[in-house]
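Structure first, commentary second.
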Amino acid sequence: MLDNKQNSEALSEFADKLEIEGRSLWQDARMRFMRNRAAMVSLGILVFITLLVAFGSHLSEFAFDDTDWGAMHHAPSIESGHYFGTDSLGRDMFVRTLLGGQISLLVGVMGAFVAVLIGTLYGATSGFLGGTVDRVMMRLLEILYGIPFMFFVILLVTFFGRNIFLVFVAIGAVSWLDMARIVRGQTLSLKNKEFIEAAEVCGVSKWKIITRHIVPNVLGIVAVYATLLVPQMILTESFLSFLGLGVQEPMTSWGALLQDGSQTMEIAIWQLLYPAAFMVVTLFSFNYVGDGLRDALDPKDR
Amino acid sequence: MIKFILKRMLEAIPTLLVLITITFFMMRFAPGSPFSGERSLPPEVLANIEAKYGLDKPVLEQYFSYLGSLAQGDLGPSFKYKDYTVNELVAQALPVSAKIGSIAFIFTVLMGVSVGTLAALKQNTWMDFSIMSTAMAGVVMPSFVLAPTLVYIFAIKLQWLPAGGWNGGQLQYIILPMLGMSLLYVASFARIMRGSMIEVLSSNFIRTAKAKGLPYRHIILRHALRPALLPVVSYMGPAFVGIITGSVVIETIFGLPGFGKLFVNGALNRDYSLVLGLTILIGSFTIIFNAIVDILYAFIDPKIRY
């Protein structure tokens with residue numbers, strides 16, 4: 001009896017210590033992410049670019065649609081106030097680059113959000129219901145994989161007009177396929193866990209189980225892949241804007257600026273250079289942050 | 001084997017049908033009509049035009065008649081280029097896109113595989129590092145940044161190559177667009193090839209081959225290359241789609257009279273039938289190509305049973 005008591009005391013003592021020394025999944029992931037120098041630097045750059053894009057236009061005296069016929073194709077200079085020069089209509093490139101960044105980042109995030117929403121629900125439903133439903137849904141996914149999506153997006157834009165809101169809904173609506181696969185895989189491993197069984201026994205409806213129990217548990221991995229989706233969305237939007245099918249004048253995005261810049265690069269290379277630099281750096285950073293998050297959270301890596 | 005090929009080819013048919021159905025109904029339910037321009041037409045004239053293109057019939061009837069003419073290879077008349085059928089427009093653009101696309105694709109695969117193999121063989125030397133960091137840059141650099149940069153360097157500054165145009169497809173007119181299309185995918189192929197080559201080189205059968213005293217070249221070419229190529233083959237499908245998609249931008253930048261240019265012009269003019277026809281055509285190419293890649297995979301990988 002005495003032995004037993006001592007044992008259990010020792011055990012609880014041990015458990016207490018464990019609790020102090022142990023780290024949760026998230027702390028562990030955070031530490032690993034912080035140790036990843038490339039990812040941390042990229043995160044810093046992203047924060048900087050976001051702040052600059054959001055508030056930087058106050059640093060300049062010009063508005064994004066101020067045309068100045070006296071200063072067309074003005075080279076970058078500090079004195080004139082055109083830090084990045086001007087474009088073919090004499091509009092300030094610094095302000096336009098930042099505005100383009102606002103649109104590109106917004107479309108990127110919103111597009112990723114739409115894709116995540118559809119993909120998560122589709123994948124969770126397919127994985128949780130299983131059986132014939134799963135087979136049909138996955139077959140449909142395979143069919144959709146075979147379709148060249150950029151053409152599909154251009155088709156959507158052609159039919160429904162060049163509304164920037166529609167553009168990112170369209171982009172998001174066709175980019176959820178990978179997300180659906182990932183979520184389905186996670187759901188399959190979750191659905192035999194005891195707490196799902198408990199919910200079923202309590203008579204919770206299938207839809208409720210998916211939205212209240214499955215989806216919150218896959219959110220971590222979803223967040224990681226969403227970070228990798230954002231740069232793809234930015235690229236897609238720029239692609240459309242480059243072709244003249246995205247945002248319309250006088251609004252702009254990085255893709256639209258690149259399009260203008262590529263036409264005047266013989267006389268005004270800065271019109272191409274600055275938007276290109278901003279975009280490439282942003283894409284780089286998103287990719288590194290996404291990779292870093294994935295490495296930090298991926299249980300296979302341990 | 002023949003059974004497997006047939007089965008894989010048959011599987012492509014539902015995919016095609018889904019593609020055609022979705023695009024067709026989207027076009028029919030789109031707001032506005034291709035004829036509602038700035039200048040509104042009198043209703044009688046509009047009705048006559050719609051009757052000419054069969055738009056006055058019930059949607060389902062239109063759908064089946066479209067399917068019927070598709071089965072005979074007829075993509076219908078263009079709504080914008082009044083005197084042309086979509087087939088005629090495609091026939092003009094196809095040779096250009098086919099030439100540049102196939103050259104770009106072959107270049108991509110050959111270049112990616114050899115550069116990746118080189119990096120794997122010289123693993124962790126300066127050569128490996130420089131190849132791989134270039135490849136990383138290639139992965140995030142979109143074609144619409146890369147292509148103008150290439151034009152700026154090689155056409156404007158150095159003046160070695162023309163900045164655009166087709167000119168019957170002479171070699172110097174092809175080089176820059178081809179590089180613009182393929183370099184990004186060369187980078188991806190190189191990364192994949194390097195990874196799989198390193199893995200294969202550390203496996204037991206390669207050690208056996210080395211122990212037998214086979215010459216190095218022989219080991220790489222006869223033993224390591226085939227298994228290392230598997231992930232490369234499975235990436236060929238996505239890369240093909242990427243190159244076709246990229247061609248839209250590349251053809252716009254270089255002013256090539258190909259598919260991509262036609263597609264963008266169709267989209268800008270709201271030429272529904274042209275865009276619909278091209279989407280279906282490009283979709284079919286993609287689907288057929290994916291089927292071919294699957295079959296190719298089965299040939300290379302002895303583990304796949306058919």
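Letters A, B, ... are given to chains in the order of the sequence lines, protein chains preceding strands, and every chain is numbered from 1. All of these numbers come straight from a predicted model, not from anything done at the bench.
- In this structure, no portion of Leu16(B) lies under 4.5 Å from any heavy atom of chain A.
- Using a 4.5 Å cut-off between heavy atoms, Phe242(A) contacts chain B through its side chain alone, with no backbone atom that close.
- When heavy atoms are compared at a cutoff of 4.5 Å, Leu243(A) approaches chain B by way of both its backbone and its side chain.
- Within the 4.5 angstrom heavy-atom criterion, only side-chain atoms of Val18(B), from C-beta onward, approach chain A.
- Only the side chain of Phe263(B) comes within less than 4.5 Å of a heavy atom in chain A; its backbone stays farther off.
- If you measure heavy-atom distances from Thr245(B) to chain A, the contacts under 4.5 Å come from both the backbone and the side chain.
- Minimum interatomic distance between Phe239(A) and Val249(B) (heavy atoms only, all atoms of both residues): CE1-CG2, 3.4 Å.
- The contact between Leu276(B) and chain A is made entirely by backbone atoms, counting heavy-atom distances below 4.5 Å.
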